[in-house]
Amino acid sequence: RVPERLCSVSDQPDQSDQPQAPTRGPREEAALWIERVSEKILNPYGREKYGEHAKALATAENQVNTVILVGEVGRGKSSLANALVGRQGVSPAGVDFTTVIPVALTTPTDDLAPGQAALMSADGGVVVKLEELAQRVDRAAQRFDDFVPTRAHVALESSMMGDAVVIDAPGVGGISSMNTALHADSERQASVVVVVTDASSPLTKPEMDFLAHAHAVNGNVVVAVTKTDKHTTRWREIVEEDKALIATHLGEEIPVIGVSSLLPFVGLQTTDSVIDEISGLGELRTEINERFTRAQSIPVTKGLKVILEGLE
């Protein structure tokens with residue numbers, strides 16, 4: 001006699017070949033909950049604006065991914081911005097060059113074609129050729145007229161950072177520079193802050209204070225140690241010293257990645273993947289993109305907060 005337990009199992013229809021309903025992840029479940037609460041609770045009580053705002057926020061497709069490069073003067077932020085997007089010279093850079101306004105490297109729009117730069121101020125904006133950008137953003141060469149820009153946007157034909165916006169923050173040093181760049185952070189924006197230092201020496205006390213503040217303001221922080229091509233024999237040692245200093249003084253494990261912003265543009269006869277590997281840029285892009293992936297829950301989290309406000 002077959003045991004009852006086995007009978008009950010064998011009598012069940014075989015569902016192994018039956019189509020299975022797709023499994024929803026936490027973000028999808030939260031978005032569905034926002035939809036239901038809006039329809040069943042908020043809308044009947046005249047609180048539609050909360051539901052509509054929450055649903056708009058919860059749409060991950062609306063999220064803008066932004067990389068903000070910050071650090072002291074002369075650390076190579078502008079060169080790193082160019083290397084990250086894979087386009088030489090789109091953010092003006094040079095030995096004696098000091099950027100005085102944020103320069104955002106972004107995708108084209110209806111009003112800004114590739115190769116153009118938009119200079120923005122409180123009074124409006126003006127579109128110029130990319131070749132004219134340097135004299136508008138360099139401290140020494142800056143040309144003033146009736147229009148004084150406070151930020152610039154450069155449209156790229158293509159970018160190795162995809163749709164992410166890369167912001168080259170002013171190279172004037174100090175925490176205020178970073179706060180200025182972060183101030184533009186919108187409710188639909190996910191930001192990764194790249195604190196830029198170089199391989200000439202370990203992190204200094206001001207830089208460590210700067211890094212601590214950056215980590216407090218935005219938990220998505222990465223340290224890029226530039227000019228590894230100039231300090232070929234010592235940069236790995238500097239990277240390890242920086243990691244140890246961060247662990248000691250901040251008690252955090254913040255990624256520290258050595259990079260060369262020069263190698264992608266010197267005409268090496270090899271593949272892009274090899275250049276990415278030996279320059280460290282591939283590792284840096286991967287670290288940034290992984291943080292963007294983890295930040296995909298940000299829109300729905302903000303949507304949930306709005307729903308909770310509507311329920312109060």
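What you see is a predicted model, and the numbers here were worked out from it, not measured in a lab.
For the residue pair S78 / D168, a side-chain donor-acceptor distance below 3.5 Å is found, with atom types taken as modelled. Side chains of D198 and S200: a donor-acceptor N/O pair is present below 3.5 angstrom, by distance only.
Under a hydrophobic clustering in which Ile, Leu, Val, Met, Phe, Trp and Tyr are joined whenever their side-chain heavy atoms come within less than 4.5 Å, directly or via other members, V126 and I101 fall into the same cluster. Note on V128: it clusters hydrophobically with V103, by side-chain heavy-atom contacts below 4.5 Å among ILVMFWY residues. Hydrophobic cluster membership is shared by I307 and I41, with clusters built from Ile, Leu, Val, Met, Phe, Trp and Tyr side chains linked at under 4.5 angstrom. Linking ILVMFWY residues whenever their side-chain heavy atoms come closer than 4.5 Å, directly or via other members, places W33 and L42 in the same cluster. V70 is connected to I254 through a chain of hydrophobic side-chain contacts under 4.5 Å among Ile, Leu, Val, Met, Phe, Trp and Tyr, so both are in one cluster.
Interatomic distance, L69 CG to I167 CD1, rounded to the nearest 0.5 Å: 9.0 Å. With rounding to the nearest 0.5 Å, the separation of NZ in K230 from OG1 in T233 is 13.0 Å. Rounding to the nearest 0.5 Å gives a distance of 13.5 Å between NZ of K77 and CD1 of I68. In this structure, the separation between CD1 on I257 and CD on E283 is 4.5 Å, given to the nearest 0.5 Å. For the atom pair R87 CZ and M160 CE, the distance stands at 11.0 Å (nearest 0.5 Å). Distance check, rounded to the nearest 0.5 Å: CG of L311 to CZ of R47 gives 8.0 Å.
Between P264 and L281 the shortest side-chain heavy-atom distance falls below 4.5 Å. The shortest distance between side-chain heavy atoms of R291 and P255 falls below 4.5 Å. A 4.5 Å side-chain heavy-atom check between V90 and L130 finds at least one atom pair inside the cut-off. Looking at P202 and L245, their side chains come closer than 4.5 Å, going by heavy atoms from C-beta outward. Side-chain contact check for R75 versus T197: some heavy-atom pair is nearer than 4.5 Å. L84 has its side chain out of reach of L105: every pair of non-hydrogen atoms, C-beta onward, lies at least 4.5 Å apart. Residues K205 and D209 are in side-chain contact: their nearest non-hydrogen atoms beyond the backbone lie under 4.5 Å apart.
The minimum heavy-atom distance between G162 and T107, with the atom names listed, is O-CG2, 4.4 Å. For the pair L119 and P149, the tightest heavy-atom approach, listed with the atom from each and the gap, is CB-CB, 3.9 Å. Across V306 and Y50, no two heavy atoms sit closer than the pair CG1-O, 3.4 Å. The nearest pair of heavy atoms linking A152 to L133 is CB-CD1, 3.9 Å. Pairing each heavy atom of S79 with each of A93, the nearest pair is OG-CB, 3.8 Å. G51 and S38 get closest at one heavy-atom pair: CA-OG, 3.3 Å.
We find that E52 and K55 are joined by a salt bridge, their nearest charged nitrogen and carboxylate oxygen being less than 4.0 Å apart.
Between the S121 side chain and the T150 main chain, no donor and acceptor come within less than 3.5 Å of each other.
Listed by first and then second residue, the side-chain hydrogen bond (donor to acceptor under 3.5 Å, both in side chains) pairs that reach into residues 234-261 are D229-S260, sequence neighbours excluded.
Considering only residues two or more places apart in sequence or on other chains, E277 meets the salt bridge (charged side-chain N to carboxylate O under 4.0 Å, His left out) condition with none of them. Partners of T232 by side chain to side chain contact (heavy atoms under 4.5 Å, CB included), not counting sequence neighbours: none found.
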Give the intermediate values and the outcome of side-chain contact (heavy atoms from CB on, under 4.5 Å) for residues V195 and V193. CA-CA 6 Å; V195 177; V193 177; 4.2 Å; yes
Start with the C-alpha gap between V127 and L112, add the side-chain angles, then the distance that decides, and say whether side-chain contact (heavy atoms from CB on, under 4.5 Å) holds. CA-CA 8 Å; V127 175; L112 194 65; 4.0 Å; yes
